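Structure record follows, encoded as structure tokens.
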Amino acid sequence: MNSPLLRKAAQYILKDTGEANESPKLIVVIRILLLSMLFYIVVNSIIYISILNNIGIVIFLISLLIFLLLFGMTYRYKTTTVVYTLNLCMAAWIIVNIFYFGWDTGVQHFIIVLLVLSFFSSYSQYGAKTFYAMVLCVFRIALFHLCRSKEPLISLPDTMINVLQIINTIMIFSCLSTIAYVFSKDSQTLESKLVEYNNILEDQANTDALTGLYNRRKAMQCLESLLTPSNKSFTSICICDIDFFKKVNDNYGHDVGDMVLQNIADVMVTTLDKNFIVSRWGGEEFLLIFPSCNGDDACPHLEQLKSNIKALQFNANGKPFSITMTFGLAEYDFRSDIDTVIKEADEKLYMGKENGRDQIVY
């Protein structure tokens, strides 16, 4: 919007009422609707001039004045007052148009605009909204029975009626689209942000903050989904532990210990297949899940992982050091529960610790 005139017009339309506890969005929608109605009335006036219908011109000039006054009210009165006045004026305008020009022109469909607007005119008041919807429904039915078969005071040619039907349809769809767009845009944006925020919360709930791996909670969820009676494929799990990790923290500090954990996590992710699940089980322990792998298939992956971790070189204040890990591997037997399989892997881990560490026990 580069034109200063357009920017000024937009600022004028978007100007707040200045009243406390009122929706600025609603008043902007009403102004847009009123401007649309003014444009619509001007177009219709041109049509009636083309057929030299003086009564039609007078009616539309009066309508033009009324909607101009309503537009001015949006800057001086409370939004609720404007809404009530707009509804009354629109209802009267619809009745007059049907009375003079007939049911077939289609102006009765503007009742739908009032209905949709009423549901966005306040944040609650659901009982009042429902009641008003019923009133509009009764109003629409009454107009149908009173005016559908009644001859209008001004008979219009079929061509003119068809043109008015098209114009009214375009106008009604434009009004409804404006209301729906303005009021749904923020809610859709908010809903999108809520979905994104929920995804972030879910990731945080399932992720270890230090290493970025799955945490114990997420690992258990993965095991619950894999170790079921209906799953007939092999699954192996491994619990592994950093050897003498306490010495790392004691000798070099917890910051270095955290760095070691992070590096090991990175090596696990890059070494193991993407179909395998890597999680931090707690402290210096990690739990690895090998779907569709028996113990014999999982062992070569663990051998490579053990070798890559052993090859890592760390440096703390000029003091180089390396670490090793011990692995306990268990295979799901299709009968035991999750706790039993985890306990088996844990017992094998401690067997490896007792027998010299830096090994895989299966």
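Keep in mind the model is a prediction, meaning the values are calculated, not measured.
Under the 4.5 Å side-chain criterion, counting only non-hydrogen atoms from C-beta, His109 is not in contact with Asn168. Within the 4.5 Å cutoff, the side chain of Phe144 has no heavy atoms near those of the Gln108 side chain. Counting heavy atoms from C-beta outward, Ile27 and Tyr75 have side chains that stay 4.5 Å or more apart. The shortest side-chain heavy-atom distance between His301 and Leu305 does not fall under the 4.5 Å cut-off.
Here the closest heavy-atom approach between residue Gly295 and residue Ser236 is recorded as N-OG, 3.2 Å. The heavy-atom pair separating Leu261 from Glu284 by the smallest distance is CD2-CA, 4.0 Å. For Lys129 against Phe119, the heavy-atom pair with the smallest separation is NZ-O, 3.0 Å. Summarising the geometry of Phe276 relative to Leu272, their closest heavy-atom pair is CD1-CB, 4.1 Å, with the distance given to 0.1 Å. In plain terms, the two heavy atoms of Cys240 and Met268 that are nearest each other are SG-CE, 3.7 Å. Taking every heavy atom of both residues into account, Gln165 and Gly106 meet most closely at NE2-N, 3.9 Å.
Ring-centre distance between Tyr252 and Phe321: below the 6.0 Å cut-off. For Phe67 and Phe39, the ring centers are positioned 6.0 Å apart or more.
Residues Leu35 and Leu64 are members of one and the same hydrophobic cluster, defined by side-chain heavy-atom contacts under 4.5 angstrom among Ile, Leu, Val, Met, Phe, Trp and Tyr. Hydrophobic clustering, with ILVMFWY side chains joined whenever heavy atoms are under 4.5 angstrom apart, keeps Phe110 apart from Tyr84. The hydrophobic clustering, which links ILVMFWY residues whose side-chain heavy atoms are closer than 4.5 Å, places Ile170 and Met90 apart. There is no path of hydrophobic side-chain contacts, each under 4.5 Å, that joins Ile323 to Phe244. Hydrophobic clustering (ILVMFWY, side-chain heavy atoms < 4.5 Å, transitive): Val113 and Ile166 are in distinct clusters.
Tyr350 belongs to no hydrophobic cluster with other residues, because no ILVMFWY side-chain heavy atom falls under 4.5 Å from its own, directly or through intermediates. Other residues sharing the hydrophobic cluster of Ile289, ordered by chain and number and joined by side-chain separations under 4.5 Å: Tyr214, Met220, Leu223, Leu226, Leu227, Phe234, Ile237, Ile239, Ile277, Trp281, Leu287, Tyr332, Phe334, Ile338, Val341, Ile342, Leu349.
A side-chain donor from one of Gln304 and Asn308 sits under 3.5 Å from a side-chain acceptor of the other. Side chains of Arg217 and Asn206: a donor on one and an acceptor on the other come within 3.5 Å. With no hydrogens or angles considered, no side-chain donor-acceptor pair links Asn294 and Asp296 at under 3.5 Å. Looking at Thr326 and Asp241, their side chains never bring a donor and an acceptor atom within 3.5 Å of each other.
Sparse packing is recorded around CG of Asp158, with 12 or fewer heavy atoms of other residues, nucleotides or ligands lying under 6.0 Å away. For Tyr100, the OH atom sits in a loose shell: 12 or fewer heavy atoms of surrounding residues, nucleotides or ligands are nearer than 6.0 Å. More than 12 heavy atoms of other residues, nucleotides or ligands shown are found within 6.0 angstrom of CG on Asp273.
No donor-acceptor pair under 3.5 Å is formed between the side chain of Lys348 and the backbone N or O of Val361. Between the side chain of Arg31 and the backbone N or O of Thr74, at least one donor-acceptor pair lies under 3.5 Å. Put simply, the side chain of Thr340 never gets that close to the backbone of Ser336: no donor and acceptor are under 3.5 Å apart. For the pair Glu285 (side chain) and Gly283 (backbone), a donor-acceptor distance under 3.5 Å is absent. A distance-only check finds no donor-acceptor pair linking the side chain of Thr207 to the backbone of Ala209 [under 3.5 Å]. For Ser225 (side chain) and Cys222 (main-chain N/O), a donor-acceptor pair under 3.5 Å exists by modelled atom type.
No salt bridge links Lys218 with Asp208; every basic N to acidic carboxylate O contact stays at or beyond 4.0 Å. The pair Lys343-Asp339 does not meet the salt-bridge criterion, since no charged nitrogen lies less than 4.0 angstrom from a carboxylate oxygen.
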Pair Trp93-Met37, side chain to side chain contact (heavy atoms under 4.5 Å, CB included): steps then yes or no: CA-CA 11 Å; Trp93 177 81; Met37 287 299 297; 3.9 Å; yes
Working for side-chain hydrogen bond (donor to acceptor under 3.5 Å, both in side chains), residues Asn162 and Thr159: CA-CA 5 Å; Asn162 291 335; Thr159 304; 5.6 Å; no
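Of the residues Asn263, Thr271, Ile264, Val260, the one that meets the side chain to side chain contact (heavy atoms under 4.5 Å, CB included) test with Ile309 is Ile264.
Using cut-offs of 30° and 60° for the angle between ring planes, the Phe101 and Phe60 rings count as parallel.
For Lys306, the salt bridge (charged side-chain N to carboxylate O under 4.0 Å, His left out) partners at least two apart in sequence or on another chain are Asp358.
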